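Input: a single structure, listed below in structure tokens.
Here the structure is a predicted model, which is why all the values come from computation and not from measurement. Note that these values count all heavy atoms, side chains included, but never hydrogens, waters or copies made by symmetry. Chain letters run A, B, ... following the sequence lines, proteins first and then strands; every chain starts at 1.
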Amino acid sequence: MKKELPKNYNPADFEDRIYKDWCDKKYFAPDPDKKKPAFSIVIPPPNVTGQLHMGHALDETLQDILVRTKRMQGFSTLWVPGTDHAGIATQIKVEEQLRVNEGLTRYDLGREKFLERVWDWKNQYGSRIISQLKKLGSSCDWDHERFTMDEGCSRAVREVFVNLYEKGLIYRGYRIINWCPNCRTALSDAEVEYAEQEGAFWHIRYPVKGMEGTYVTIATTRPETLLGDTAVAVNPNDERYRDLVGKTLILPLVGREIPVIADEYVESDFGTGCVKITPAHDPNDFEVGKRHNLPVIKMLNDDATINAEYGGKYAGMDRYAARKAMVADLEAQGYLAKVEKYSHNVGTCYRCKTTVEPLTSDQWFVKMEPLAKPALEAVTSGEIRFEPERFAKTYINWMENCHDWCISRQLWWGHRIPAFYCDACGKMTVSKTDIELCPDCGKPVRQESDVLDTWFSSALWPFSTMGWPEKTADLSRYFPTSTLVTGYDIIFFWVARMIFSSLEHTGKKPFSTVFIHGLVRDAQGRKMSKSLGNGIDPLKVIDEYGADALRFALATGNAPGNDMRFSDEKIESARNFANKLWNASRFVLMNLTDDDKAELPALEKLAIEDKWILSRFNQLVKTVTENMEHYELGVALGEIYSFTWDSFCDWYIEMAKSRIFDAESEGAKVARSVLCYVLTGILKLLHPFMPFITEEIYGALPHDDESIMISKYPTYDEKLVFTAEEEDVERIIGCITAIRARRAEMNVAPSKKAKLFVVTKYEETFKATAKILEKLASASEVVLTDSYDADDAISIATDAGNFFIPMRDVVDFDKERARLSAELEKTEIEIGRLSVKLDNPGFLAKAPAPVVEAERQKLVKYNETKAALVAAIAKLK
RNA sequence: GAAGGUAUAGCUCAGUUGGUAGAGCGUCUGCUUGACGUGCAGAAGGUCAUAGGUUCGAGUCCUAUUAUCUUCACCA
């Protein structure tokens with residue numbers, strides 16, 4: 001029955017083999033048994049263009065832990081895998097390839113040919129990320145794999161689009177939107193990231209018509225948009241400009257006449273108190289323009305060059321080149337009053353980081369207000385729970401403030417919007433199926449060229465993957481899904497949209513719990529990114545340390561929802577744990593005989609240490625199960641770790657040795673059974689976290705089930721609650737006495753066997769009594785306090801067993817010097833920073849006096865610190 | 001401007017319902033003891049950011065403050 005394990009723990013030897021075996025045996029497929037409760041998860045679909053990164057690794061690991069646990073607990077589990085077509089990302093990738101390999105653009109190929117290329121690309125590389133997920137050990141039902149643009153998902157998209165349109169929740173409109181000049185498409189609000197940029201504030205004089213020498217000075221950060229100005233606005237209550245309202249200005253460089261208007265939107269005390277109004281290129285100005293019926297002058301092309309219609313001599317120039325040229329011209333012609341340095345937040349494209357331009361355009365929108373209401377309620381009522389709870393606030397905050405969702409994208413790769421225009425009669429038809437002729441006049445129609453935002457289809461993922469709108473068996477059994485596992489960074493993009501979509505179209509919530517995790521950062525706490533080149537490749541980590549070690553490192557050591565740092569230390573300590581488990585198992589295996597089983601011996605045969613470890617294990621089962629229920633995976637794993645290493649390896653195995661080495665004895669047989677039983681239990685609890693090593697060891701031990709994956713998860717066992725007996729106390733006291741005698745005799749630190757006395761580490765299940773403690777006290781000459789807590793026994797025992805080794809007072813001068821130098825460096829940086837700040841006239845002018853004084857004081861303090869550090873370093877030399 | 005996170009050992013972080021502060025790594029001492037040096041046995045190191053409050057009792061709950069990070073919204 002028993003097998004042997006190779007001497008060294010080498011995960012590469014068995015991880016792939018085991019994974020293949022699981023797949024062959026179809027263990028990942030949901031159990032068809034109808035009596036079992038269902039548990040389902042849909043994967044946050046990674047981009048088809050994606051390469052596995054640490055974020056995925058964390059996400060998949062957490063999901064797999066949940067799924068494997070539930071599966072072992074007797075649920076029929078379905079974990080739906082799949083990928084996202086990732087509109088912009090994929091299109092850019094294929095365009096790039098086309099450009100590099102063939103020197104072509106997508107326009108050279110035309111829409112149809114280009115899309116063929118994208119599909120080719122998808123078919124060739126789209127499975128890469130999937131095979132990478134498998135390396136992690138993910139137990140997804142691969143027969144259920146989906147793609148956001150496969151037939152079923154596409155059908156769901158159309159169904160949803162048409163439904164929303166017919167309900168008046170999708171509309172087409174000329175609005176101001178965020179435009180990425182690089183991707184040449186509209187973006188939704190969520191797709192714009194704001195980044196602080198150093199810029200300038202240009203103060204420009206606009207001459208007043210008919211009043212020679214009188215100017216209105218406006219301040220702007222984007223002088224080139226002057227070409228699109230259709231008014232200048234002031235606050236109606238601003239005394240300075242009251243007389244100007246209604247006057248006409250001459251737009252410098254252009255010569256066009258624009259009015260001065262009054263609008264509450266303008267804040268008198270910011271800038272000059274006068275604002276140029278450019279309705280086509282600023283969301284606020286757009287609103288002002290609507291209120292005052294101003295014309296909308298769009299002066300940019302799609303690639304952010306100045307257009308021919310309004311550009312004049314600047315036509316065709318890039319926005320920044322035009323800015324430079326126009327500022328030069330303004331200055332030359334005396335219109336430039338002054339230039340201030342100014343740093344402000346600028347919107348950038350979340351894909352390519354290009355600065356976006358707000359501009360007016362014809363786009364499709366989803367009306368959010370009616371959808372947001374039930375989506376809010378689902379969370380506030382607790383029907384959908386966020387874990388950790390605080391993320392519900394993030395969600396609610398966004399839901400309450402979101403604007404209509406711009407869903408059209410000027411791309412080719414994606415779900416083409418199912419709207420059909422008839423040029424002959426001007427009618428637009430929205431249809432679930434493709435149409436060629438206008439239903440009204442019978443003339444040919446052309447389909448809308450825009451595609452939908454990628455997130456439009458991801459929003460349907462929990463039900464589109466289950467076959468909706470068909471009433472499938474999957475849909476009724478596994479939808480709503482149980483838990484959604486994802487990072488807090490896509491609560492807006494994805495989680496929120498899934499919730500309102502699902503409520504609107506299926507009438508049900510998409511999932512019961514949203515389990516949110518943080519970001520994986522590098523060892524310095526920076527975001528992992530391609531541009532920084534600080535990303536750690538999970539596949540390399542797997543190669544070097546094994547998937548189990550990676551999973552362990554990701555699942556432990558940080559509170560739910562918090563970001564985590566990934567470091568070598570962490571992965572090494574994880575690997576060391578795997579190694580420890582491996583070796584402990586080898587020890588157990590090498591002592592087992594052929595007829596040993598992982599079964600408990602008769603309880604009356606158990607020695608005190610057997611009872612101790614069994615009761616501790618029983619307690620472990622309880623806390624781990626509870627923590628898993630509360631999504632405290634890290635705590636659960638931490639418990640398993642310390643039980644395995646401290647209690648099982650360091651204590652129980654050592655204690656068991658005295659009996660085991662007399663292999664024929666009855667005591668040895670009992671000890672072997674208990675070793676085997678507890679080890680098997682550890683493997684089962686650990687399996688969801690470290691599936692490969694636990695499977696490998698499980699297979700070597702005596703076992704009933706074919707695989708640990710389909711074995712039963714341990715449950716709390718009333719039988720394993722023991723009470724300490726009189727003779728146990730005698731035995732403990734005997735041990736302590738023996739240890740003390742031996743210690744005195746040898747005058748050396750106690751060896752491992754001295755640990756026997758810590759059998760007194762009773763858990764609450766042991767019901768340590770006052771009698772036991774008193775006896776212990778008299779045996780170890782320790783005075784007891786008046787409390788009778790189990791933990792007291794530990795401290796008594798510890799005092800009895802320890803030696804105190806005097807520390808040598810050592811100072812490492814080199815290290816100390818390095819530390820001080822580092823501190824000095826930091827101090828100097830601070831001094832530099834403060835000096836610059838205090839030299840900055842802008843800061844001195846704007847900041848209140850106490851703030852400036854505080855900064856001065858800080859500078860003084862830093863200078864003192866610096867002096868002290870320099871002195872300290874000098875002393876070391 | 002709004003909301004939220006974080007502040008605990010030299011470093012990175014845990015700490016589940018309030019009850020004598022923990023781990024990993026690092027440091028120091030000793031140990032090639034019949035699975036493991038990816039190890040074993042010990043040790044040093046924390047007034048749990050600050051000030052109040054609730055409580056018999058606060059790292060934990062409440063209030064304020066400071067520092068720091070993030071997200072959202074932004075003034076041209």
Side-chain angles (χ1 to χ4, degrees), chain A residues 5 7-9 189-190 193-194 201 218-222 225 232-233 265-267 269-278 282-285 288 342 344-345 347 388 390-391 393-394 396-398 401-402 488-489 491-492 518-519 523 525 545 549 553 556-559 561-570 572-591 623 626-627 630 632 634-636 638-639 641-642 645 649-650 653-654 657 661 748-755 785 787 789 791-792 795 801-810 812 815 819:
Chain A
L5 291 174
K7 185 144 191 234
N8 296 315
Y9 165 60
D189 292 345
E193 285 175 353
Y194 288 87
F201 224 4
I218 58 92
T220 179
T221 54
R222 295 190 298 160
T225 60
V232 164
Y265 150 72
V266 182
E267 290 185 28
D269 49 4
F270 186 83
T272 60
C274 304
V275 186
K276 65 196 264 314
I277 299 298
T278 323
D282 183 281
N284 290 308
D285 293 6
V288 175
Y342 188 67
H344 58 145
N345 278 335
R390 66 172 187 270
F391 290 104
K393 272 202 170 161
T394 313
I396 290 167
N397 196 33
W398 186 79
N401 296 304
C402 60
Y488 61 71
D489 51 332
I491 291 177
F492 308 138
L519 271 33
Y545 297 96
T556 192
N558 76 312
N562 284 4
D563 289 353
M564 69 177 308
R565 297 193 192 200
F566 194 87
S567 61
D568 289 345
E569 279 169 22
K570 215 166 220 172
E572 273 169 24
S573 117
R575 188 266 324 264
N576 293 354
F577 175 64
N579 184 58
K580 184 73 182 175
L581 180 68
W582 184 263
N583 280 301
S585 306
R586 280 182 55 227
F587 174 81
V588 172
L589 279 166
M590 69 178 50
N591 286 293
T623 53
E626 280 169 5
N627 278 302
H630 298 133
E632 291 277 4
V635 175
E639 293 286 342
Y641 175 94
S642 58
W645 202 309
C649 293
D650 290 349
I653 287 184
E654 293 307 323
K657 279 178 181 172
F661 292 148
V748 289
S751 77
K752 272 185 196 174
K753 290 185 182 78
K755 279 186 180 175
T785 58
S787 75
D789 200 313
D791 283 348
D792 286 324
S795 56
N802 291 351
F803 270 114
F804 294 95
I805 299 159
M807 278 273 292
R808 265 207 337 237
D809 190 16
V810 182
D812 186 335
K815 279 208 173 154
R819 190 181 68 79

Fill in: Atom-to-atom span, CD of A/Glu572 to P of B/U38 - whole angstrom
10 Å

Discussion item. Please determine whether a side-chain nitrogen or oxygen atom of A/His344 lies at a distance below 4.0 Å from atom OP1 or OP2 of B/A76.
Written reply: yes

Worksheet item: Between B/A73, B/A35, B/A76, which one does the side chain of A/Tyr194 approach most closely?
Response: B/A73

Worksheet entry | B/G39 phosphate, OP1 or OP2, under 4.0 Å from A/Asn576 side-chain N/O | yes

Worksheet, complete the sentence: Between CG of A/Leu581 and P of B/C36 the distance, given in whole Å, is 15 Å

Worksheet item: Between A/Trp582 and B/G39, is there a side-chain N or O to OP1/OP2 distance below 4.0 Å?
Response: no

Worksheet item: Between the side-chain atoms of A/Arg575 and the base atoms of B/U38, is any donor-acceptor pair under 3.5 Å?
Response: yes

Worksheet item: Of all the nucleotides listed (B/C13, B/C36, B/A14), which has the minimum atom distance to the side chain of A/Ala559?
Response: B/A14

Practice prompt. Report the distance from atom CG of A/Asp568 to atom P of B/C13, rounded to the nearest whole Å.
Written response: 15 Å

Worksheet item: When you measure from the side chain of A/Asn583 to the backbone N and O of A/Asn579, does any donor-acceptor pair fall under 3.5 Å?
Response: yes

Item to complete: Give the minimum heavy-atom separation between A/Asp285 and A/Lys276, together with the two atoms involved.
Response: OD2-O, 3.3 Å

Fill in: A/Asp650, nearest nucleotide to its side chain (from B/A76, B/G39, B/A41)
B/A41

Response to the item:
Per nearest nucleotide of RNA chain B, the residue lying toward the 5' end, A/Glu267 or A/Asn579, is A/Asn579

Quick one: which protein N/O atoms are closer than 3.5 Å to N/O atoms of nucleotides 60-62 of chain B? Pair and distance per line, please.
none

Item to complete: Would you mind reading off the distance between A/Asn583 atom CG and B/G39 atom P, rounded to a whole angstrom?
Response: 10 Å

Worksheet item: Are any of A/Tyr342's side-chain N or O atoms less than 4.0 Å away from OP1 or OP2 of B/A76?
Response: yes

Practice prompt. Grab the CG-C1' distance between A/Asn401 and B/A73 for me, whole Å please.
Written response: 8 Å

Worksheet entry | Side-chain N or O of A/Arg222 closer than 4.0 Å to phosphate OP1/OP2 of B/A76 | no

Worksheet entry | Proximal nucleotide (of B/G24, B/C74, B/A35) relative to the A/Asn345 side chain | B/C74

Response to the item:
Heavy-atom nearest pair, A/Cys274 first then A/Val232, reads CB-CG1, 4.1 Å

Worksheet entry | A/Asp282 side-chain N/O to A/Thr278 backbone N/O, donor-acceptor pair under 3.5 Å | no

Worksheet item: Could you state the NZ-P distance from A/Lys570 to B/G24, rounded to the nearest angstrom?
Response: 14 Å

Worksheet item: For A/Asp189 and B/C72, what is the distance between atoms CG and P respectively, to the nearest whole Å?
Response: 11 Å

Response to the item:
Per atom distances to the A/Phe492 side chain, the nearest of B/C36, B/U71, B/G5 is B/U71

Item to complete: Counting heavy atoms from C-beta on, name the nucleotide in B/A76, B/A35, B/C13 closest to the side chain of A/Arg586.
Response: B/A35

Worksheet item: Do A/Asp563 and A/Tyr488 have a side chain donor and acceptor closer than 3.5 Å?
Response: yes

Find every protein N or O atom lying less than 3.5 Å from an N or O atom of nucleotides 1-3 of chain B, and list the pairs.
none

Practice prompt. Look at the side chain of A/Val635 and decide which nucleotide, out of B/A76, B/U16, B/C36, has an atom nearest to it.
Written response: B/U16

Practice prompt. Let me see the working for A/Glu267 and A/Asp269 under side chain to side chain contact (heavy atoms under 4.5 Å, CB included), right down to the final yes or no.
Written response: CA-CA 6 Å; A/Glu267 290 185 28; A/Asp269 49 4; 4.0 Å; yes

Worksheet item: What orientation do A/Tyr641 and A/Phe577 show, parallel under 30°, tilted 30 to 60°, or perpendicular over 60°?
Response: tilted

Practice prompt. May I ask you to test the A/Glu626-A/Glu632 pair for a side-chain heavy-atom distance under 4.5 Å?
Written response: no

Fill in: Interatomic distance where CG belongs to A/Asn558 and P belongs to B/C69 [whole Å]
20 Å

Worksheet item: Pairs counted as Watson-Crick or G-U wobble with both distances under 3.5 Å: what dot-bracket string results for RNA chain B, using | for bases tied to another strand?
Response: (((((((..((((.....[..)))).(((((.......))))).....(((((..]....))))))))))))....

Discussion item. Here's a test of your reading of the structure: between A/Phe201 and A/Lys7, which maps to the more 5' nucleotide of RNA chain B?
Written reply: A/Lys7

Worksheet item: Which nucleotide, B/A35, B/A76, B/C40, lies nearest any side-chain atom of A/Ile653?
Response: B/A35

